[in-house]
Structures are given as C-alpha cells and as structure tokens.
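To keep things clear, I will list the structure first and then write my remarks on it.
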Protein chains: 2
Amino acid sequence: MTVVRRDFELGTLFLGDVLDVLGLVRESSVDLVLTDPPYSSGGSTIETRQRCPVEKYQNTGTKKPYPSFSGDHLDQRSYVNWCVEWGSRSRLLLKSGAVHAQFTDWRQLPATVDAVQRAGLHWRGIVPWDKTETARPTVGGFRAQAEYLVWGSNGPLSRSRGVGCLPGAFREPVRRSDKLHVTGKPTALMVRLVAACPPNGVVADWFAGSGTTAVAAVVTGRRFIGCEVSQEYFEIACKRIHEAEARLA
Amino acid sequence: MTVVRRDFELGTLFLGDVLDVLGLVRESSVDLVLTDPPYSSGGSTIETRQRCPVEKYQNTGTKKPYPSFSGDHLDQRSYVNWCVEWGSRSRLLLKSGAVHAQFTDWRQLPATVDAVQRAGLHWRGIVPWDKTETARPTVGGFRAQAEYLVWGSNGPLSRSRGVGCLPGAFREPVRRSDKLHVTGKPTALMVRLVAACPPNGVVADWFAGSGTTAVAAVVTGRRFIGCEVSQEYFEIACKRIHEAEARLA
DNA sequence: CCCTTCTATGAATCGTGCT
DNA sequence: CAGCACGATTCATAGAAGG
C-alpha cells in the first residue's frame, strides 16, 4: 500500500496503514508510544458492533457530523491479534526501558491487557481517565464514565529517563470545541500524558486521528512521529500540527 | 466449619468462611452485593505473592500495625476459580436484575472480569476508584493510584429498582483514622456506593473486614448481611456496626 | 460584561417491529 | 423466527444565546 509522508519542524506524519508505516521508522528511536486505536467495541452482539462507528457511538438525532473512521469492526479475537501485530512491531521502534500506553474502553480492557503482554511488553498498569459526568447516563447502574490507558515498558522500566513520578489517574472533561474526531481526546489530557516522554524526546501515535497527540507533543517541547489511515483526518491533523508549531514560533 | 451469628437491628454478621455462610442466606433476598475479597495480588512471582499480606502490602518500617488476614495466597488460576465458586452461589441470593460489584486491583482486573462472568453474572462495567495521591509513587511511570469495581447484574439489569443514574468514577482519599483494616476502604466511598441498593434494601458483603460496608448501609438507611472469617476483624466490625446504629437512634 | 436561561450532546443500550 | 433497522431514553455539563 502506498504511504504519503508529511514533514514538520518537530516531526513527521504519515498517511497510510499502521503496518505499512511501522516499517519506515528507525528501530529504538521512540521515547513514548501513546496511541488510541479503534476499540472495535460497543454493542453486545456482533451485528451491532459491525455497524458504522459514527452510528454506533453517537446518539440518534445528533446534529454535529464527524467523518467516519475505519478499522472498528473486529470481533474480540481478531482485535487482540491485530493489536499484537502492530504492538510487537511498534515495540521494536521503542527505546529500551521506555513506555508504551494505549487507550481502551471497559469492554476491551481485559483483551487489551492480553494484547499488550503478547506484544512482548512488560505490563505495568492501568491508568483510568475519568471523562466526568459528560458521559451518557445508565439507568439503574453505574455510568460508563471512564476510559483506560493500558501501559507497559519495553523491558524493565527505566527510572532515569528524565521523567519523574507521573499521576496514576486523570480527570478531564471532553470539550466540544476541542473534539474534532468522533472519539477525539481532550488536548489538556494528552498534554498531561506526554509527560511520560522525556523533554525533547519522540512521541509516537500510530492512530493519530485529528492529531491531538502530536499537538500535545509540540506544545510541551517534544518531537513526534505518527500515522493516520484516513485522508480526511490526516489533513485535519496536519493543519492542527502546523498551527501549533506556528503558535510556538 | 462452625459459623457464629450476630444479629443487629438492621442486619446480621456471621463469623465464618464465605462458602459456609452463603448456605445460610435466603435465595433472592439481597439487593446489592458490594464486596472486597482478598486480591491475592502484589508481586509478579508466586513467591512474593505468598508472603503474609501485612508484609507485602505495607512498606517496611510502617508504624501502624494491622492484624493479618487470610485467603490472600492464591495463584491467578485458583483466584478465578475461588471467585467463581462464591460468586455463583452469591448470585443465587441476589434478586433478579440486581447489582453485584466487587473490588479488585489493576493486576487482577482481567481475571476478576473473567470470574464475574463465569459466576453467571452479566458483566456491565468497570468503575475506577481514584485513591488520590496517597498511593505510593512510581519513578519513571504512572502511579498505581486506582482500584476498581467490576460490576454486573443478575440477569438483565432492572431499571426500576428505585436506583437512579449512578456516577461511574469515584475520587476519595484513604484517611488513616478511617482505615481499620490493611485494605480498608473509606467510609465516604462506601456510602456513595451503597446507592446502588434501593432505599431500605439489603446490602451483602461476604468479606466484611472491619465492617465499613455494613456501616455505610446503616448510615444510609439500608439493611445489611455479611460475613468475616477472622475473629479479630469480626469483633471490630460488630463494634462499629453497633456504634453506627447507636448514633442513628 | 456578567449573569441567567436554554439547548445540544455523549467510544450506547434496549425494545419494538419490520423484512 | 432469525436478522436487522431504528427510535426512545438518560442527565450533567458545556457552550451558546439572551437579557
């Protein structure tokens, strides 16, 4: 498959499939993998899971339109295998002792823990992200209000990477003005999370979406590398990265 | 095994092993199971896991001494089997459509999700409890700062139990004055969680420890049933329940 | 400019009813 | 009857609109 490359002052974004892009990056060159793959979640039956993501994750009758995204249709077995595939290859690009962190929801959490370990990473923990009460309510039960980072290290965790002690729980609301993807993460959250990368290090995001991880890297004085498979989101990401770099100058 | 029974105005506490006690409770009589079994966690090798709980969960040199507790020595396979054993029998005591919620830490989370499902419960979600910055820091990585409730329902979740929409994330610090067990939970947290039981309903805790769940039930106008295997903690729990009922009168 | 009021929305789920 | 499409539903909050 063909891959398009776009270079910035502080990093590079590729347009193309993860597995194609992973072959283009130098080994042991990344200080932090922080990424948000499609969860292939939502719905208890395979039929509902295989609906289009924008339909299954948004309320019926929602006004705000987002472009759809692909790769969200896998059953749980395939999801694990696919995560292992890109995760193992991503691990080779990660420096020894560095951190890999990947988002998941409650339904895929156990599967994601399996996948991270099978990718050869040393599983080190779970970090909850509390989305606050902006999440949909559940009548008679607890609201599904958190998403999770499953994190591990490439070999023994290096304690001397110039990264101090990081918090182990984050509370950050989703702001509409800050959400450019159906599943977009708040910039403020990503800014706090890239602290797991030493200053001036390289942050990788293999599912860049609207580019929030890269923007957070730029804003905090780090470099970035990443890819996005959808042309539409790729262009949005490039625009945001460009703007972030311009504001910095 | 012999079981001792102690009755209170608003409930009953048994001294004895879970599996013995579960046979003494009437089927479909419980509105909420909210319990905190020993996690059999801590350490990645079986040797470190099999140390005495007070040693492995406390820093060396800790001043405040807690009585030790038992049932914390299982490997992960046995842990799941044991949870399935008491979980299935506990489910029969739970009303149809009612909630089962059990605490776990990050390391046992995937195993606990398996156990809850194998116990015949319908897994509905994960609720993070953020212990705040009172947890031990991790140099170079994210602090292990949260514990988790894995929750499910006995059959389809009833929406008309007199329980509204519950929050899906809790932030509550551990206060030393409020912690009478090595793994004791804050009373304020348990008070918020028993909201998953309709007013005047019955809350069950099969691993009562120092009795915080029962105290929370009493304080919020609910009834309770539970058991504790250690004589020492049983007495502490009875004393606290008695005091809570006295304050109410 | 500040305060109040109002409306839209959320990494869904469930039941109904049609094909 | 299995499979699938579709709309009703929940409420705290963000953000816009209005005064």
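Lettering of chains follows the sequences in order, A, B, ..., and the numbering in each one begins at 1.
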(message) Can you identify which nucleotide, out of D:dA14, C:dT13, C:dA11, has its nearest atom closest to the A:R175 side chain?
(response) D:dA14

(message) When the P atoms of C:dA11 and D:dC6 are compared, how many Å lie between them, rounded to an integer?
(response) 23 Å

(request) Nearest whole angstrom, please: distance from the C1' of D:dA14 to the CD of A:E172. (result) 14 Å

(request) Check whether any side-chain N or O of A:K131 sits under 4.0 Å from OP1 or OP2 of C:dG10, and answer yes or no. (result) no

(message) When you measure from the side chain of B:D31 to the backbone of B:V203, do you find a donor-acceptor pair of N or O atoms at a distance under 3.5 Å?
(response) no

(message) Would you say A:R240 and A:S210 are linked by a side-chain donor-acceptor pair, where the criterion is simply a distance under 3.5 Å?
(response) yes

(request) Begin from the C-alpha positions of A:W151 and B:W106 and carry the test ring-ring contact (aromatic ring centres under 6.0 Å, His included) through to its verdict. (result) CA-CA 11 Å; A:W151 74 281; B:W106 65 272; 8.1 Å; no

(request) Using whole Å, report how far CG of B:L157 lies from C1' of C:dC14. (result) 11 Å

(request) Evaluate salt bridge (Lys or Arg N to Asp or Glu O under 4.0 Å) for B:E172 paired with B:K185, printing each intermediate quantity in order. (result) CA-CA 9 Å; B:E172 202 75 60; B:K185 303 289 176 282; over 6 Å; no

(request) Without swapping roles, check the side chain of A:D20 against the backbone of A:G23 for a donor-acceptor pair under 3.5 Å. (result) no

(message) Heavy atoms only, 4.0 Å cut-off, all strands: where does A:K185 land among base, sugar-phosphate and nothing?
(response) base

(request) Starting at atom CG of A:D178, determine the distance to atom C1' of D:dA16, rounded to an integer number of angstrom. (result) 17 Å

(request) Send over the distance from A:F69 CZ to C:dA11 C1', rounded to a whole Å. (result) 7 Å

(message) Centroid distance below 5.5 Å plus an interplanar angle below 30 degrees: do A:Y39 and C:dA11 meet both conditions?
(response) yes

(request) For A:K64 and D:dA16, give me the distance from atom NZ to atom C1', rounded to whole Å. (result) 13 Å

(request) Could you tell me whether B:P156 contacts a base, only the sugar-phosphate backbone, or nothing, with contacts defined as non-hydrogen atoms closer than 4.0 Å? (result) nothing

(request) Can you label the angle between the A:Y79 ring and the A:W82 ring as parallel, tilted or perpendicular, going by 30° and 60°? (result) tilted

(message) When you measure from the side chain of B:W206 to the backbone of B:S90, do you find a donor-acceptor pair of N or O atoms at a distance under 3.5 Å?
(response) no

(message) Protein within reach of the bases, or only the backbone? For nucleotides 4-13 of chain D, mark each nucleotide 5' to 3' as B, S or -, using heavy atoms under 4.0 Å.
(response) S--BBBBBSS

(request) Let me know the distance between NE2 of A:H181 and C1' of C:dT9, rounded to the nearest Å. (result) 18 Å

(request) Classify the nucleic acid contact of B:P167 as base, sugar-phosphate or nothing, counting any heavy atom under 4.0 Å across all strands shown. (result) nothing

(message) I need the CD-P distance between A:Q58 and C:dA8, as an integer number of Å.
(response) 15 Å

(request) Please report, rounded to the nearest Å, how far the P atom of C:dA8 is from the NZ atom of A:K179. (result) 17 Å

(request) Would you mind classifying the nucleic acid contact of A:Y148 as base, sugar-phosphate or nothing, using non-hydrogen atoms under 4.0 angstrom? (result) nothing

(message) For B:R171 and B:E133: C-alpha separation, side-chain torsions, deciding distance, then whether salt bridge (Lys or Arg N to Asp or Glu O under 4.0 Å) applies.
(response) CA-CA 10 Å; B:R171 186 176 153 89; B:E133 292 68 25; 3.7 Å; yes

(request) Provide the Watson-Crick or G-U wobble partner of D:dC6, both distances under 3.5 Å; none if there is no partner. (result) C:dG15

(message) At less than 4.0 Å, is any side-chain N or O atom of A:T62 found next to OP1 or OP2 of C:dA8? Yes or no.
(response) no

